[in-house]
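Below, chain A is the first sequence line, B the second, and so on; all start at residue 1. Just so you know, these numbers use all the heavy atoms, side chains as well, and skip hydrogens, waters and symmetry mates. Keep in mind it's a predicted model, so treat the numbers as computed, not measured.
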Amino acid sequence: MIDIKKLRETPELYKTACQQKGCGVDVDELLRLDARQLQLKRELQEIATEKNQTGKAIAKMKDADQRDQAIERMAQLKNQEKALTDEVAQLEPQLHELLLNMPLPVHPDAPVGPDESGNVEVRRWGKVREFDFEPKDHITLGTNLGIVDMERGVKMSGARNYLLKGDGALLHQAVLRLAHEQMVAKGFEPLTVPVLTREETFLGTGWFPEGRSQVYEVPRDELFLVGTAEVPVTSLHMNEILDEADLPKKYVAQSLCFRREAGAAGKDTYGLYRIHQFEKVEQVIVCKNDLDEAEKWHQHILQNSEELMQMLELPYRVLEICTGDMGMAKYRMYDIETYMPSRQGYCETHSASNLLDFQTRRLNLRYRDEDRKVHYCISMNNTVVASPRILIPLMELYQEADGTITIPVALRPYMQGKEKITAH
RNA sequence: GGAGGAGUGGCCGAGUGGUUUAAGGCGACGGUCUUGAAAACCGUUGAACCGUAAGGUUCCGGGGGUUCGAAUCCCUCCUCCUCCGCCA
């Protein structure tokens, strides 16, 4: 949700944002409805004032005629009020709809571009391994080693489902545990959060209405399965006013994530890349409303994830996402892409977004500063690691000619010191 | 799943249709006093919106209704508590 006051002051800024992001709404229409709505509210307020006064007067009236007159006046006022209220009731959902779909203007340095082709590579780390044998893909490797089972996953749950077994399951847990421990060591507060949450958490974090089709519903209980812990973690303090002294809130949460992948039919159907259920360690920071400070934390959460990739010795690159590819809610966004041999390139494994006060406005998440003034917080988030997607580069880059997989040094403590995954 | 009870400001808590402008207390903040502190006393102490301002409006868990008038009465949803059942 954008700030309607800012929109009134600088509509051009928002028209630009709509253009740059290739989404959004008719700004002039929104302003027209907003002006009408303000006018109606003003008139309603005047009526309410007179109603209040008249109501109080009636209580003190002794004269019956006078009293009847006042009551009749009240009836008139109520009729007027009804007419205006009806118009507001008609106007408000339209206005709300437009506001919900109004994109957030971006950081001045964010690259402008129509789609992913406009994303800008910021840096690369690590050397992509050159194989002196024909490398296998993660499914072939995993199936041969008995650590990945796609067939039975599909048997039980349909396409895009899988299961991990033995050292595969352990490797999955090992990555998550390493990531989680690193974040706790950096001072992030660990949370376990609900993965079934209410609609308002999805609306508040900006997943709804746009991404509704991506989310599994449990209609009987009016709950939804989260696609990321970002939803419950960012919603944690919704409708609260925090103390500035308690900011920033730095949270890390590991959770299951569920995605329907509607509209992705036929895309990335092979392997563990695009699947319905996975596990993710997510970092979320809620800080005060200061652009410089937010930028600092945004870089911080990006760096945290890069450090983990470096511990895992996986080659990656950092992309700054351009306007057309970042989504309406984002102010600035980086992806980390990790090299995946079977996909012959760098593929997204992390996404670091600074959303400014876009989510916090929807969530009504605020803080009180030293002068006791109330402001909306700024929220941002980044993947620490998501598995099994990260197992793709891990298995493929660490494979040996004999079909075994060397376990990265950083993960060995989480796998009973084991160095290699072999068939048995 | 069944049966009861309850939601009022940062917290506790009064308020069963109109002098409520939500009493009173606690906490917090400011002041007086003090070398400093404590105590005592005095004062301040929610949010959103409209308005240049004065001021006004809305909010007593959410939504709807009754009434000239609702924190108060009715409906509904949510949340919490107690007991029973089930359960990792």
Side-chain angles (χ1 to χ4, degrees), chain A residues 1-9 30-96 98-100 192-204 208 217-224 232 235-247 249 256 288-289 357-377:
Chain A
M1 180 84 66
I2 56 109
D3 185 352
I4 184 76
K5 287 183 183 168
K6 269 191 196 153
L7 178 77
R8 286 174 197 148
E9 288 163 15
L30 204 166
L31 284 172
R32 197 182 63 74
L33 291 177
D34 175 56
R36 179 65 186 148
Q37 156 114 322
L38 270 184
Q39 174 61 30
L40 290 169
K41 289 248 166 105
R42 266 193 290 269
E43 288 173 26
L44 276 170
Q45 190 179 312
E46 281 169 28
I47 292 171
T49 306
E50 192 179 340
K51 269 180 69 187
N52 287 344
Q53 288 168 351
T54 309
K56 269 178 205 155
I58 288 174
K60 290 172 190 152
M61 283 175 187
K62 297 279 183 277
D63 181 74
D65 282 350
Q66 201 187 10
R67 199 183 153 92
D68 289 347
Q69 256 175 32
I71 289 173
E72 194 175 323
R73 176 64 185 152
M74 283 295 265
Q76 282 173 16
L77 288 170
K78 278 173 84 173
N79 278 337
Q80 288 175 29
E81 188 179 39
K82 175 97 169 63
L84 296 176
T85 306
D86 285 349
E87 193 178 342
V88 170
Q90 204 214 340
L91 211 63
E92 203 143 47
Q94 294 177 40
L95 192 58
H96 190 66
L98 290 175
L99 265 179
L100 275 183
T192 71
V193 289
V195 294
L196 264 178
T197 61
R198 291 213 173 104
E199 185 175 25
E200 52 188 313
T201 65
F202 287 85
L203 283 168
F208 287 179
E217 293 191 38
V218 185
R220 182 170 166 169
D221 297 290
E222 293 182 72
L223 294 170
F224 303 81
S235 301
L236 188 68
H237 297 292
M238 69 180 171
N239 298 324
E240 292 183 27
I241 300 179
L242 304 172
D243 265 338
E244 182 175 341
D246 295 330
L247 298 178
K249 293 281 189 189
L256 284 166
K288 67 174 186 171
N289 206 318
D357 55 1
F358 190 90
Q359 290 181 321
T360 60
R361 280 179 185 280
R362 293 189 180 204
L363 289 166
N364 195 27
L365 165 48
R366 297 170 294 172
Y367 68 97
R368 204 184 299 278
D369 70 15
E370 292 163 341
D371 302 325
R372 304 194 54 76
K373 280 224 165 99
V374 175
H375 310 273
Y376 287 99
C377 299

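In summary, of the residues considered (A:Lys82, A:Lys41, A:Arg36), a salt bridge (Lys or Arg N to Asp or Glu O under 4.0 Å) with A:Glu87 occurs for A:Arg36 alone.
Counting any heavy atom pair closer than 4.0 Å across all strands shown, A:Leu38 reaches sugar-phosphate atoms only and no base atom. Backbone-only engagement by A:Ala48 is indicated by non-hydrogen atom pairs under 4.0 Å involving sugar-phosphate atoms exclusively. Nucleic acid contact for A:Asn52: sugar-phosphate only, since backbone atoms but no base atoms lie under 4.0 Å from a heavy atom of the residue.
Contact check, A:Arg67 against B:rG18: no side-chain N or O comes under 4.0 Å of OP1 or OP2. Residue A:Arg8 places at least one side-chain N or O closer than 4.0 Å to OP1 or OP2 of B:rC50. Side-chain N/O atoms of A:Lys78 include one lying less than 4.0 angstrom from OP1 or OP2 on B:rG69. Between A:Lys5 and B:rC49 there is a side-chain N or O to OP1 or OP2 distance below 4.0 Å.
Side chain of A:Gln45, nearest nucleotide from B:rG56, B:rG51, B:rA47: B:rG56. The side chain of A:Arg366 sits closest to B:rA47 out of B:rU57, B:rC50, B:rA47. Residue A:Lys56 places its side chain closer to B:rU21 than to any other of B:rC50, B:rU58, B:rU21. Checking B:rA47, B:rU79, B:rG69 against the side-chain heavy atoms of A:Arg368 singles out B:rA47 as nearest.
Aromatic ring pairs are classed by plane angle as parallel below 30°, tilted from 30° to 60° and perpendicular above 60°; the pair A:His375 and A:Tyr367 is tilted.
Using a 4.5 Å cut-off on side-chain heavy atoms (C-beta onward), A:Leu236 and A:Leu365 make no contact.
Put simply, CG on A:Asp369 is 15 Å from C1' on B:rC29, counting in whole angstrom units. Rounded to a whole Å, the CZ atom of A:Arg198 is 14 Å from the P atom of B:rC77. In this entry the distance linking NE2 of A:His375 with P of B:rA48 reads 10 Å, nearest Å. In this structure, CG of A:Leu223 is placed 9 Å from P of B:rU79, rounded to the nearest angstrom. Rounded to whole Å, atom P of B:rG9 lies 14 Å from atom CG of A:Asn239. Here the P atom of nucleotide B:rG46 and the CG atom of A:Leu242 are 19 Å apart, to the nearest Å. Going from atom CD of A:Gln39 over to atom P of B:rU57 covers 18 Å, rounded to whole Å. Residue A:Arg73 contributes atom CZ, which lies 16 Å from atom C1' of B:rG69 at whole-angstrom precision.
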- Query: Checking side-chain contact (heavy atoms from CB on, under 4.5 Å) for the pair A:Tyr376/A:Leu363: CA distance, chi angles, key distance, verdict?
  - Reply: CA-CA 10 Å; A:Tyr376 287 99; A:Leu363 289 166; over 6 Å; no

Would you please test A:Leu242 and A:Arg366 for side-chain contact (heavy atoms from CB on, under 4.5 Å) and show each step?
-> CA-CA 6 Å; A:Leu242 304 172; A:Arg366 297 170 294 172; over 6 Å; no

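For the P atom pair drawn from B:rA47 and B:rG10, the interatomic distance equals 9 Å after rounding to whole Å. Going from the P atom of B:rA3 to that of B:rG27 covers 44 Å, rounded to whole Å. For the P atom pair drawn from B:rA23 and B:rC75, the interatomic distance equals 30 Å after rounding to whole Å. Spacing of C1' atoms, B:rG69 relative to B:rG18, comes out at 7 Å, to the nearest Å. If you take atom C1' in B:rG51 and the same atom in B:rG56, they sit 8 Å apart, rounded to whole Å. Comparing B:rC83 with B:rC74, their C1' atoms are spaced 28 Å from each other, to the whole Å. The same atom, C1', is picked in B:rA14 and in B:rC78; the two are 26 Å apart, to the nearest Å. If you take atom P in B:rU67 and the same atom in B:rU16, they sit 23 Å apart, rounded to whole Å.
Across all strands shown, nothing is found opposite B:rA54 as a Watson-Crick or G-U wobble partner with both distances under 3.5 Å. Summarising the base pairing, B:rU67 is matched to no nucleotide, lacking a Watson-Crick or G-U wobble pair whose two defining distances lie under 3.5 Å. Under the Watson-Crick and G-U wobble criteria, each requiring two contacts below 3.5 Å, nucleotide B:rG27 is paired to B:rU45. In this structure, B:rU79 forms a base pair with B:rA6, meeting either the Watson-Crick or the G-U wobble geometry with both donor-acceptor distances under 3.5 Å. In a base pair of the Watson-Crick type (N1 to N3 plus N6-O4 or O6-N4) or a G-U wobble (N1-O2 and O6-N3), with each distance short of 3.5 Å, B:rU20 is matched with no nucleotide.
The nearest heavy atom of RNA chain B to A:Ile71 and to A:Arg42 marks one nucleotide each, and the one closer to the 5' end goes with A:Arg42. Remark on RNA chain B: of its neighbouring residues A:Val374 and A:Met74, the 5'-side contact belongs to A:Val374, judged by nearest-heavy-atom nucleotide.
Other residues, nucleotides and ligands place no more than 12 heavy atoms under 6.0 Å from the CD atom of A:Gln69. Atom CD of A:Glu72 has 12 or fewer neighbouring heavy atoms from other residues, nucleotides or ligands inside a 6.0 Å radius.
Taking a cutoff of 4.0 Å between a charged side-chain nitrogen and a carboxylate oxygen, A:Lys373 and A:Asp369 do not qualify as a salt bridge.
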